[in-house]
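We name chains A, B, ... by the order of the sequence lines, and we start the count at 1 in each one.
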Number of protein chains: 2
Amino acid sequence: MEFMKQFLIAKNIPITDENWNIFAEKNIRREYKKKDIILKEGEIDDYLTIVEEGAARLFFIKQNKEITTRFVFKYQYLTSYDSFLNRSPSRCNVEALTDMVLWRVHYDDLQEVYRTSNVGNLIGRLTIESIYVEKLNKEFSYLSESAEERYLKLMKEQPDLFQLIPLKHIATYMGITPQALSRIRRRIS
Amino acid sequence: MEFMKQFLIAKNIPITDENWNIFAEKNIRREYKKKDIILKEGEIDDYLTIVEEGAARLFFIKQNKEITTRFVFKYQYLTSYDSFLNRSPSRCNVEALTDMVLWRVHYDDLQEVYRTSNVGNLIGRLTIESIYVEKLNKEFSYLSESAEERYLKLMKEQPDLFQLIPLKHIATYMGITPQALSRIRRRIS
DNA sequence: CGCCGAGTTGAACTGAATCAAGAAACGTGG
DNA sequence: CCACGTTTCTTGATTCAGTTCAACTCGGCG
């Protein structure tokens, strides 16, 4: 978890060694292989999970088709939040897109961190603030731009996505079918 | 702010009187009249704002049309979060749908609360957790259900919406035009 | 009474979905 | 390193949900 401490310090987030240790010692390292299913739809996500290495996606099934809702990379949180927070079955699956190294805290351990120091609330707040803003941006983009505009924006802002991830997942992430994305790409080139 | 303390206690959220006072004394009461614009697009939202009485909506303008993204009611937070958190111009306008009573903390005061006690991080975390889950539900609904299904669900889950709010706002909130909503309603009845 | 905003309805249009089939790229084992 | 099967991507034809533009009704309110 040392990477995360560096991360917080770099972001100028105040944290004492003692508080940090309370949090860090609850985190457990875990590895996954490419294509592993890290969480299955219907299961309760018991872990707040951060990515040290690799990439993953969250997706749900709609009429036998996979709809990707989020990509997660290095130093981002990978949790199926509604499941984790509400202790309810996850609507999403989580799949490793590459080999991965993860660190995770169990829900119960996190509750203890919340009780015994304020570092949990701080990290929890900052984490969810950033993914909420990410979701707001996606919503705004979806409601105000055409699929073609969204594609161009994604190309510009996250070109690495296109190296790493099959177009079919990018398509459903954009809210369109792979066929529609293919046609957009042809139109542009 | 007494209502909010009751609210936290009812939710079994641990908070000492001292910590509560640190937070509560930073909050300022403010009233608005129906149709008042509480925040304009382009302004930076300086306040974390909770609703004691009344209702409001957040909306943005797309090609001269208003697209509503969220309704906010009693005991919910009304902030334009991306603006508030990133200190950036708001993409959204906030409009009072009824006469309102609000309580708000200024951004700078909140930073001080974050520094001097853990109540800020706790309240901040819980607040944003709940609106994030709300947004996840909306996204899921949007991606997996037809407009008609979403309408029926909304009728069932939030029938009060239809008493209080013009259909044209509900339509854009659902991601469709008022005309399309009108046709759905006819088809159903 | 006349006006204005909300809601409804119609007709034409459109972006994207769907279904289906072929081409290209990938990876796995011999 | 090649051959094969599988997955990904592309392309075409058709269909459909929802948009757009425009006209009309209804109800409240100055």
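Ring to ring, A:Tyr132 and A:Tyr81 are not that close: their centroids are 6.0 angstrom or more apart. Ring centroid separation for the pair A:Phe59 and A:Tyr173 does not come in under the 6.0 Å cut-off.
Atom P of nucleotide C:dA16 and atom CG of A:Leu181 are separated by 11 Å, given to the nearest angstrom. Atom CG of B:Leu167 is separated from atom C1' of C:dT9 by 15 Å (rounded to the nearest Å). Remark: P of D:dT8 and CG of A:Leu97 are 11 Å apart, rounded to the nearest angstrom. Per the geometry, CD belonging to B:Gln163 stands 16 Å off C1' belonging to C:dA6, to the nearest Å. Rounded to an integer number of Å, the gap from CZ of B:Arg183 to P of C:dA11 is 11 Å. Per the geometry, CD1 belonging to B:Ile170 stands 8 Å off P belonging to C:dG7, to the nearest Å. Between the P atom of D:dG18 and the CG atom of A:Leu143 lies a distance of 14 Å, rounded to the nearest Å. Taking atom CZ on B:Arg187 and atom C1' on C:dG10, their separation rounds to 15 Å, with Å as the unit.
Counting any heavy atom pair closer than 4.0 Å across all strands shown, A:Arg186 reaches sugar-phosphate atoms only and no base atom.
Comparing B:Ile184 and B:Gln179 along DNA chain D, the residue whose closest nucleotide (by nearest heavy atom) sits nearer the 5' end is B:Ile184. Residue B:Lys35 is the one, among B:Ala180 and B:Lys35, whose nearest nucleotide of DNA chain C lies closer to the 5' end (criterion: closest heavy atom).
Regarding contacts with the backbone of C:dA6, every side-chain N or O of B:Arg185 stays at 4.0 angstrom or more from both OP1 and OP2. Listed pair B:Ser182 / C:dG7 fails the phosphate criterion, with no side-chain N or O lying under 4.0 Å from OP1 or OP2. At the phosphate of C:dA17, neither OP1 nor OP2 sits under 4.0 Å from any side-chain N or O atom of A:Lys65.
Here the CG atom belonging to A:Asp82 is positioned 6.0 Å from the OG atom belonging to A:Ser90, to the nearest 0.5 angstrom.
Closest to the B:Pro166 side chain, of the nucleotides D:dT10, C:dG7, D:dT20, is C:dG7. Closest to the side chain of B:Gln63, out of C:dT18, D:dT20, D:dC9, is D:dT20. Across C:dT18, C:dG7, D:dT19, the shortest atom-to-atom separation from the side chain of B:Ile176 is found for D:dT19. Nearest to the side-chain atoms of B:Lys168 among the listed nucleotides D:dT11, C:dG7, C:dA16 stands C:dG7.
Using a distance-only test at 3.5 Å, with no hydrogens or angles considered, a donor-acceptor pair links the side chain of B:Thr172 to the main chain of B:Thr68. With B:Thr79 contributing its side chain and B:Thr49 its backbone, the two residues share a donor-acceptor pair below 3.5 Å.
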